[in-house]
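Please read all numbers here as calculations on a predicted model, not as lab measurements. Residues: numbered from 1 along the sequence shown.
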Amino acid sequence: MGITIESSLDKRFAEIRQKIQTCSTDYLKEVGERLYADAIESKTYTDRTGRLTASIGYGVVQDGKLVHTGGFGGGEGGQEGLRTLDDAISGYSTPGTTALILVAGMPYAVYVSRKGYNVLDHTRLSIHQML
């Protein structure tokens with residue numbers, strides 16, 4: 001005579017874990033969209049080439065894998081933003097980790113920000129209000 005309670009519980013816990021992961025990624029996608037919109041609307045720099053603004057975007061990472069991206073314009077700026085996001089993903093490879101990563105991919109974004117212009121600075125403050 002056997003009891004299968006343990007295997008049924010394992011299956012149920014796996015289903016619950018999957019639901020939690022799905023809800024987490026959906027929520028982080030929503031937050032990412034809002035943060036991206038905030039970054040674009042609140043920028044204070046003049047983007048003569050469009051590259052800096054195009055390099056801004058976000059990604060949702062789950063277990064070290066990119067599951068969603070948003071933002072990122074076209075051309076060189078968008079490509080550089082995606083490369084920057086890809087480089088940042090390596091820090092989130094721990095199993096069970098779900099993360100939202102927001103980037104401004106052009107190498108000179110930090111210099112623009114240090115000159116007092118808002119690139120992602122305002123967005124950083126908004127994160128605490130959204131989470």
Scan the side chains in residues 81-91 for donor-acceptor partners under 3.5 Å anywhere in the protein, sequence neighbours excluded, and list what turns up.
from	atom 1	to	atom 2	distance (Å)
R83	NE	E80	OE1	3.4
R83	NH2	E80	OE1	2.8
T84	OG1	E80	O	2.9
T84	OG1	G105	O	3.3
S90	OG	D87	O	3.1

Considering only residues two or more places apart or on different chains, which pairs with a residue in residues 40-62 satisfy salt bridge (Lys or Arg N to Asp or Glu O under 4.0 Å)? R51-E76
Rounded to the nearest 0.5 Å, what separates atom CD1 in I56 from atom CG in L120? 5.0 Å
Roughly how far, to the nearest 0.5 Å, is the OH atom of Y36 from the CG atom of L102? 10.5 Å
Side-chain donor-acceptor pairs under 3.5 Å in residues 61-71, sequence neighbours left out?
from	atom 1	to	atom 2	distance (Å)
D63	OD1	G96	N	2.5
H68	NE2	Y58	OH	3.2

Set of residues satisfying side chain to side chain donor-acceptor pair (under 3.5 Å) with respect to Y45, sequence neighbours excluded: T53
Which pairs pass ring-ring contact (aromatic ring centres under 6.0 Å, His included) with one or both residues in residues 72-110, sequence neighbours excluded? none
Is the closest side-chain heavy-atom distance between R12 and I16 below 4.5 Å? yes
Output all residues satisfying salt bridge (Lys or Arg N to Asp or Glu O under 4.0 Å) with E30, sequence neighbours left out; order by chain, then residue number. R34
Just by modelled atom types, is the A109 backbone N or O under 3.5 Å from a matching donor or acceptor in the S113 side chain? no
Closest non-hydrogen contact found for D38 with S42 is O-OG, 2.6 Å
Report the distance from atom CG of L28 to atom CD1 of I101, rounding to the nearest 0.5 Å. 10.5 Å
If hydrophobic clusters are built by linking Ile, Leu, Val, Met, Phe, Trp and Tyr wherever their side-chain heavy atoms come under 4.5 Å apart, do L35 and Y27 end up in the same one? yes
For T44, the side chain to side chain donor-acceptor pair (under 3.5 Å) test, sequence neighbours excluded, returns none
Interatomic distance, Q18 atom CD to C23 atom SG [nearest 0.5 angstrom]: 10.0 Å
Heavy-atom pair of closest approach, residues A104 and V119: CB-CG1, 3.8 Å
Please list all pairs passing the salt bridge (Lys or Arg N to Asp or Glu O under 4.0 Å) test where one or both residues lie in residues 96-120, with sequence neighbours left out. none
